[in-house]
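Throughout, a chain's letter reflects where its sequence line sits, starting with A, and its residues are numbered from 1. Computed from a predicted structure; not experimentally measured. Side chains included, hydrogens not; waters and symmetry mates left out as well; all remaining heavy atoms used.
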There are 2 protein chains.
Amino acid sequence: MSSIPPLSDDSNDQADQSELLDLVGYNIRRSYIVIQALFDKEMEKHDLRQAEFSVLSVVKGNPGINQRTLAEALAVAPPNLATLLDRLEARGLLTRQRSTGDKRVQHVELTKEGARLYGRALKAAAAADDAAIEKLSEAERMQLRTLLRKIFIE
Amino acid sequence: MSSIPPLSDDSNDQADQSELLDLVGYNIRRSYIVIQALFDKEMEKHDLRQAEFSVLSVVKGNPGINQRTLAEALAVAPPNLATLLDRLEARGLLTRQRSTGDKRVQHVELTKEGARLYGRALKAAAAADDAAIEKLSEAERMQLRTLLRKIFIE
DNA sequence: TATTGTTATACTCTATAACTATA
DNA sequence: TATAGTTATAGAGTATAACAATA
């Protein structure tokens with residue numbers, strides 16, 4: 001006489017999450033988790049966090065940018081940008097220079113060392129990016145960037 | 001004789017961030033910030049955070065799911081799931097029931113109140129989602145979900 | 001009065017180590 | 001020994017209030 005096994009504790013089950021997957025927001029969130037992990041792992045080598053990398057990038061592309069414009073471009077709150085810049089300045093990666101015109105304003109620029117580090121970090125960032133989207137064709141990658149941009153560009 | 005104006009403090013400039021925008025990861029990050037803000041605002045009405053909403057959703061779709069499977073499905077660390085469930089259970093939205101087979105396992109289910117709240121919250125979530133992707137056609141929305149899923153589905 | 005940037009601080013999210021009880 | 005779940009805690013990220021200096 002065979003005994004009836006206990007009800008499954010669904011030990012090896014995969015959960016159905018179809019309602020969540022219908023939401024674009026949830027798909028963005030999950031993708032963000034994956035790409036963030038890959039990015040952080042690459043960036044560790046250069047001792048840079050995401051926000052720090054993006055600061056270096058925008059400062060490099062906009063030498064002498066002021067902090068307000070920088071904070072706005074990166075969607076970072078001004079108090080958090082201040083401490084971000086403190087760290088990067090202490091590491092000798094950038095400089096803050098008081099404006100001669102409006103003395104409230106500070107102009108931010110990369111140092112040579114900052115530009116050098118950013119150059120290396122950009123390659124690492126591109127590598128992480130590639131790893132995350134390895135399953136996408138070149139056309140799909142372009143498409144993805146375009147679609148996402150419609151969400152956050154005003 | 002006209003005086004020369006001081007160098008621009010780029011007061012109204014927009015920063016060039018083309019190198020960042022080439023990275024899919026950065027586009028995901030920025031979109032995530034936008035959609036998250038819309039989502040949170042909608043969810044406030046139901047006193048639910050993102051992680052709490054996703055727990056309710058997966059439990060509703062998988063009644064009796066155990067915590068390990070739930071944690072894995074949502075990419076939430078077990079200790080954080082435990083405190084998440086504490087709060088939801090204290091609010092009477094779900095129950096944890098010790099398995100009769102394996103007494104280490106707990107089975108999670110929504111209460112009637114939990115199911116009711118989730119029903120309302122899902123509508124709010126869909127509204128936030130729609131607001132974020134209002135510029136996308138139906139075909140583009142589908143496309144976006146498909147592309148993103150290729151990043152985080154193993 | 002408004003703006004740029006700072007300091008201090010609090011809150012949330014996420015991650016890890018150490019534990020329990022069961023298997 | 002390994003697994004399910006918990007507790008405690010630390011860290012990072014983000015947000016707000018109050019301030020100083022300048023416009």
Side-chain angles (χ1 to χ4, degrees), chain A residues 6 8-13 29-30 32-34 36-37 39-41 43-44 47-55 64-90 94-108, chain B residues 6 8-13 29-30 32-34 36-37 39-41 43-44 47-55 64-90 94-108:
Chain A
S8 162
D9 288 328
D10 60 8
S11 319
N12 291 312
D13 282 5
R29 174 178 162 80
R30 293 301 300 264
Y32 182 60
I33 291 173
V34 168
Q36 190 180 34
F39 185 93
D40 288 350
K41 203 176 162 195
M43 260 342 145
E44 255 177 33
D47 194 21
L48 283 177
R49 308 174 208 184
Q50 292 178 47
E52 292 172 335
F53 172 77
S54 62
V55 164
I65 190 172
N66 68 50
Q67 297 188 196
R68 187 189 52 70
T69 310
L70 183 56
E72 211 167 277
L74 295 172
V76 172
N80 299 329
L81 180 61
T83 57
L84 256 169
L85 292 179
D86 285 346
R87 268 204 307 275
L88 295 171
E89 195 175 21
L94 53 80
T95 60
R96 283 188 270 201
Q97 201 173 355
R98 193 62 68 181
S99 171
T100 48
D102 182 337
K103 285 186 201 139
R104 294 170 304 183
V105 171
Q106 307 232 74
H107 295 288
V108 186
Chain B
S8 162
D9 288 327
D10 60 7
S11 319
N12 291 311
D13 281 6
R29 176 177 161 80
R30 294 300 301 264
Y32 182 60
I33 292 173
V34 168
Q36 191 180 34
F39 185 93
D40 288 350
K41 203 176 164 196
M43 261 342 146
E44 255 177 33
D47 193 22
L48 284 177
R49 306 173 210 186
Q50 291 178 49
E52 292 173 334
F53 172 77
S54 61
V55 164
I65 190 172
N66 68 50
Q67 296 189 198
R68 187 189 52 69
T69 310
L70 183 55
E72 210 167 279
L74 295 172
V76 171
N80 299 328
L81 180 62
T83 56
L84 257 169
L85 292 178
D86 285 347
R87 267 204 307 274
L88 295 171
E89 194 176 22
L94 53 79
T95 60
R96 282 189 269 202
Q97 202 174 354
R98 192 63 66 180
S99 172
T100 48
D102 182 337
K103 283 186 202 142
R104 294 170 303 182
V105 171
Q106 309 230 77
H107 295 287
V108 186

**Message:** So, OP1 or OP2 of C/dT6: does either fall under 4.0 Å of a side-chain N or O from A/Q67?
**Reply:**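 The answer is yes; a side-chain N or O of A/Q67 sits under 4.0 Å from OP1 or OP2.
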**Asked** So does B/R96 get a side-chain nitrogen or oxygen closer than 4.0 Å to the phosphate oxygens (OP1/OP2) of D/dT6?
**Response**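 Indeed, a polar side-chain atom of B/R96 lies that close.
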**Request:** Before accepting this row, confirm whether a basic side-chain N of the pair B/R96/B/D86 lies closer than 4.0 Å to the acidic partner's carboxylate O.
**Result:**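 Yes, this pair counts.
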[atom1] of [X] versus [atom2] of [N]: gap in Å, rounded?
| X | N | atom1 | atom2 | value |
| --- | --- | --- | --- | --- |
| A/I65 | C/dT4 | CD1 | P | 13 Å |
| A/Q106 | D/dA20 | CD | P | 18 Å |
| A/L74 | D/dA15 | CG | P | 14 Å |
| B/L81 | C/dT16 | CG | P | 17 Å |
| A/R49 | C/dC13 | CZ | P | 20 Å |
| B/D40 | D/dT14 | CG | P | 13 Å |
| B/Y32 | D/dG13 | OH | P | 14 Å |
| B/L70 | D/dT3 | CG | C1' | 17 Å |

**Request:** State whether a side-chain donor-acceptor pair under 3.5 Å links A/D40 with A/Q50.
**Result:**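 Indeed, the side chains of A/D40 and A/Q50 share at least one donor-acceptor pair under 3.5 Å.
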**Message:** Contact between B/V76 and B/L70 at the side-chain level, heavy atoms closer than 4.5 Å - yes or no?
**Reply:**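 Sidechains of B/L70 and B/V76: no contact.
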**Request:** Find out whether A/N66 and A/V108 are in side-chain contact, i.e. whether some heavy atom of one side chain is under 4.5 Å from a heavy atom of the other.
**Result:**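 No. Closest side-chain heavy atoms not under 4.5 Å.
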**Message:** Can you work out whether A/I33 or A/R98 has the more 5'-proximal nearest nucleotide on DNA chain C?
**Reply:**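 It is A/R98, whose closest nucleotide lies nearer the 5' terminus.
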**Prompt:** Of A/R29 and A/R104, whose closest DNA chain C nucleotide lies nearer the 5' terminus?
**Reply:**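 Closest to the 5' end, via its nearest nucleotide, is A/R104.
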**Message:** Does A/N80 contact D/dA15 through a side-chain donor or acceptor facing the base, at a distance under 3.5 Å?
**Reply:**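 Side chain to base: pair present.
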**Request:** Look at the side chain of B/D102 and the base of D/dA4, then say whether one donor and one acceptor between them are separated by less than 3.5 Å.
**Result:**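 No pair found.
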**Request:** Return the nearest nucleotide to the side chain of A/A82; candidates are C/dT7, C/dA23, C/dT4.
**Result:**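 Looking only at heavy atoms from C-beta outward on A/A82, the closest nucleotide is C/dT7.
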**Prompt:** Which nucleotide sits closest to the side chain of B/P79: D/dT7, C/dG5, D/dA12?
**Reply:**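 So the nucleotide nearest the side chain must be D/dT7.
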**Prompt:** Nearest nucleotide by nearest heavy atom, which residue falls closer to the 5' end of DNA chain D, A/A77 or A/Q50?
**Reply:**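 Closest to the 5' end, via its nearest nucleotide, is A/Q50.
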**Asked** So which heavy atom on B/A51 is nearest to which on B/L84, and how close?
**Response**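 Looking at all heavy atoms of both residues, the shortest contact is CB-CD1, 3.8 Å.
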